[in-house]
Amino acid sequence: MGISVSQILRFKQFIILRGPVFALGSIIADSSVAMSSRAVRRALQEQEMAQLAAAAAESSDEDEVPSGRSSKVNPFDLLMGADEDSSDGDQDSTVKPPEPQPTPANSNKRKKKKRKKKAKAAPAAVEDADEVEAAIREVEEQLGHKLELRHDLTGSETAVAHGYTQGLLAVDMRMLDAEAEMRRKFNVSSGPGRRAPRGRRGRTVRAGMVKPQANWPRMQRTGLTMVQSEDLSPDGQRYFKLMHSPAYQEVQLRFLKAVRTMDPNAISMVLRHHPYHIDSLLQLSEVCKVSGDRQTAGDLVERAIYCLQASFHPNFKPQTGCCRLNYAVYENRGLFLALYRHIDFLSHRGCWRTGLEFNKFLLSLSPEDPLGAILWLDWFALRAGEYGYLRQMAVEWQQSRHLDKLPNFAFSTALAAFLQAQEVDNTDQQQLLTSQAEDQLQDALMRFPSFLTMMADKCHANIRPDILACPHFQPALSPNHSERNIRMLLTLYVERCHDLWKPEHVMSWLHTGAEILMLRLTTGPIDQVDRYTTERKNNYPQLPVSIQRHVVLADIGSVMAFLPTEVSGQGILAYDPLPPLEPGAENPYQARLEPPVEASYDGGLLGAFFQSLMPNFNAQAEAARAQQQGHAMPADFAPGNLHTRMAELAQGLGDLLGRQAGDEGELADDDEMAAAELYMPDEEDEQGLADLVQVMNVHSLWLTSIS
């Protein structure tokens, strides 16, 4: 509904009576709320009720209501834009018309009075319009002054470290609903959505990133809380930290022990008793994803995010873009991983705008970008049609982040300008965007020449052979680590974005740009090409761990082949992939899983020999584990009995190999060997067995001598 004239006048009167500071404070107190309307609606409702009572008293003499039928007016209709003057003629279409009543004799007089009132109100409408314009100008002046003052007070929040600006990372909370995006995409009318059933008891969570499903278990206290750091950075950033309660710590230990069993059923048992444990949800989600059940996997990740958002601090507001978490803190990593995997599932559902908003949220949590969200933010922006946003980010972050040195941003920015030019109606603006797109494409092809052949092979494009054969587009494969890392980033980009370059008009534009660059190279050398060649060999010597985590989580086979052997060869934990190595980033639960073991083991010569046979053996560790569990130390590990047990072990092994009791070093005959099922017909095997028994005898004598 539109806003009526009377509402604007009443709002002006409310500002005058209550003061502009109170009204403006209720309107712009929080950027996440469109209008702090409780106080305004309450005041308007009181005034409407008073005016309604006065109007009813004045019109009681003229308009008499028939006896037996009382007309009740809903005062909330006035707040929704209903006007007093329109209440006589307009009625709701859903209301049944009243039964015809006998027309009284004085009905014609009433109609004449009403027509006279409307005729008198016609010239007054012009005055009301003038008053409305004046009121609007006055309110705009007051609002503008207040907003300018607020901007001056909080202007420092818009300039954040590492080039992070509040506008680029501010999350639009209205766009976090994936189901709403699906309805908009398929032009389906909005339904009730996913809501918890009525009468369901449990903890109430503010509506935000994820809505609960009806089949989810009710959530009580999870033991997961968020605290805010007392130190506020001068640039407006606020730092937070997730914390585990003692009860949550016990569940975490149970989960870590279940992971060691490598049995998904053990993790399911943890979730059965604690259905909102974050790491269990993320770990089991990966199990479902590997088995092909993506729907259940995505559901588990959403449940984890729902639990996390229930623990958010009141000052933790993603829409501001200024809330930070340190990835080095072990408890904080669950939020990062849950957001990354939720974004991944959104991409498979085609919810690109929702994924873009979640990606901005993930990127805003830490300036270091520990999960490499910058490597696919351009992909979501292009898919969602947010070309202007992508180009603005490339411009504003160029000085601090050098995004043009990343292959994905170098080519996506050019593609965004080209696609935006197709949607612009203004000819001058279209020519400007097209020219910028061509220049950016030329620069990207000079920086990363391998892109042309890789994209042509992936899209099966018909590129002229002479262009593909150009030496610039066929750089030799080099063992240089820097060039290898660049090729990995190019492979990652081509695997994700090849569908965006596959349309005929886009591929024709790429073909033309490559042809122009080839002609420029034939006329003479280009200084930029030589400079970019040097940069490719020197600027990317080491692969940041954030990019390594991104590649591991993306799980694209052709890209993971480029990972260093020290990364691909180690075991990667799904709930904590490639944990940070800086001090203070250790898993605090590791010490509780295994007691600390001293590096030096004072077990003497016998202990050293025993550890050489079994490197994992440590008597001190066994003693500490037994003490922690409340058990007595086994007698076999006592210093005085260890050599005895070793001698008995050697003697038992000798008996097992066929040596008779009392005959030191004498082999058993064939019948005894056959009875022991150790008969060896070959003389060579018999000689090897004799040598083994002799060695065991030497060890037995040595143990006896050191006792």
Side-chain angles (χ1 to χ4, degrees), residues 140 144 147 151 158-159 163-172 174-175 181 184-185 187 321 350 352-357 359-360 363 374 376-448 451-452 455 459 461 493 496-520 526 528:
E140 286 179 350
L147 289 175
H151 178 72
T158 59
Y164 277 54
T165 57
Q166 182 178 354
L168 291 176
L169 297 180
V171 179
D172 190 351
R174 299 171 300 176
M175 296 296 176
E181 182 177 358
R184 292 193 302 268
K185 181 179 296 185
N187 197 17
W352 302 108
R353 182 57 193 276
T354 306
L356 176 62
E357 297 300 324
N359 212 329
K360 291 193 291 184
L363 189 58
I374 197 69
W376 64 357
L377 186 140
D378 59 301
W379 180 39
F380 282 89
L382 289 174
R383 286 287 192 176
E386 297 294 323
Y387 309 129
Y389 172 80
L390 181 60
R391 297 178 64 244
Q392 180 185 1
M393 175 176 287
V395 172
E396 294 189 12
W397 286 11
Q398 176 57 31
Q399 297 297 328
S400 58
R401 304 278 298 199
H402 302 287
L403 296 181
D404 57 346
K405 294 184 178 180
L406 290 175
N408 58 313
F409 258 86
F411 288 100
S412 291
T413 304
L415 181 59
F418 175 75
L419 296 177
Q420 190 175 8
Q422 310 297 318
E423 300 178 353
V424 175
D425 297 332
N426 190 345
T427 306
D428 296 336
Q429 189 175 2
Q430 184 177 9
Q431 292 178 354
L432 177 61
L433 289 173
T434 303
S435 176
Q436 292 178 355
E438 292 176 354
D439 294 340
Q440 291 171 355
L441 179 62
Q442 292 284 312
D443 186 79
L445 288 175
M446 285 187 289
R447 283 183 181 271
F448 311 105
F451 171 79
L452 180 65
M455 186 61 71
C459 298
Y493 179 72
R496 280 180 173 159
C497 299
H498 65 275
D499 288 341
L500 296 170
W501 293 82
K502 198 171 185 178
E504 184 177 356
H505 66 287
V506 178
M507 190 57 64
S508 176
W509 170 65
L510 175 61
H511 186 281
T512 303
E515 183 180 6
I516 294 174
L517 179 58
M518 183 186 67
L519 295 177
R520 291 176 58 189
I526 302 177
Q528 284 180 299

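Along the sequence shown, the residues carry numbers beginning at 1.
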Handout entry: Sub-4.5 Å side-chain heavy-atom contact between L168 and Y389
Key = yes

Exercise for the section: State, to 0.1 Å, how close A514 and L452 come at their nearest heavy-atom pair, and which atoms those are. Expected result: CB-CD2, 3.7 Å

Handout entry: Set of side-chain hydrogen bond (donor to acceptor under 3.5 Å, both in side chains) partners for R184, sequence neighbours left out
Key = none

Which donor-acceptor pairs under 3.5 Å do side chains of residues 496-506 form with protein atoms, sequence neighbours excluded?
{"from": "R496", "atom 1": "NH1", "to": "H550", "atom 2": "NE2", "distance (Å)": "2.8"}
{"from": "R496", "atom 1": "NH2", "to": "H550", "atom 2": "NE2", "distance (Å)": "3.0"}
{"from": "H498", "atom 1": "ND1", "to": "V494", "atom 2": "O", "distance (Å)": "3.1"}
{"from": "H498", "atom 1": "ND1", "to": "E495", "atom 2": "O", "distance (Å)": "3.1"}
{"from": "W501", "atom 1": "NE1", "to": "Y493", "atom 2": "OH", "distance (Å)": "3.1"}

Exercise for the section: Could you tell me which residues satisfy side-chain hydrogen bond (donor to acceptor under 3.5 Å, both in side chains) with D439, sequence neighbours excluded, listed by chain and number? Expected result: none

Fill in the blank from the handout: Here the gap from R401 atom CZ to E396 atom CD, rounded to the nearest 0.5 Å, amounts to 13.5 Å

Problem - F380: ring-ring contact (aromatic ring centres under 6.0 Å, His included) partners, not counting sequence neighbours - result: W352, W376

Exercise for the section: Determine whether the side chains of T354 and E181 contain a donor N or O and an acceptor N or O closer than 3.5 Å. Expected result: yes

Fill in the blank from the handout: Interatomic distance, CG@L441 vs OG1@T413, rounded to 0.5 Å, equals 11.5 Å

Problem - Inter-residue atom distance I526.CD1 - M446.CE, 0.5 Å rounding - result: 6.0 Å

Handout entry: Contact check, side chains of W397 and F409, non-hydrogen atoms, under 4.5 Å
Key = no

Problem - All side-chain hydrogen bond (donor to acceptor under 3.5 Å, both in side chains) counterparts of N408, not counting sequence neighbours - result: D378

Handout entry: Residue pairs fulfilling side chain to side chain donor-acceptor pair (under 3.5 Å) with at least one residue in residues 507-518, sequence neighbours excluded
Key = R464-E515

Handout entry: Audit row: L510, F411, side chain to side chain contact (heavy atoms under 4.5 Å, CB included) steps and yes/no
Key = CA-CA 10 Å; L510 175 61; F411 288 100; 5.6 Å; no

Practice task
Decide side chain to side chain contact (heavy atoms under 4.5 Å, CB included) for L433 and F418; before the verdict, give the C-alpha distance in whole Å, the side-chain angles of both, and the deciding distance to 0.1 Å.
Solution key: CA-CA 7 Å; L433 289 173; F418 175 75; over 6 Å; no

Handout entry: Side-chain donor/acceptor of Q440 to backbone N/O of A410, under 3.5 Å
Key = no

Completion exercise
Between A437 and A414, the two heavy atoms sitting closest are CB-O, 3.6 Å

Problem - For E357, all residues meeting side-chain hydrogen bond (donor to acceptor under 3.5 Å, both in side chains), sequence neighbours excluded - result: R353, K360

Practice task
Please collect all side chain to side chain donor-acceptor pair (under 3.5 Å) contacts where either partner lies in residues 415-437, sequence neighbours excluded, each pair once.
Solution key: R391-Q420, R391-Q436

Exercise for the section: Would you check if I374 and L403 make a side-chain contact, meaning some heavy-atom pair closer than 4.5 Å? Expected result: yes

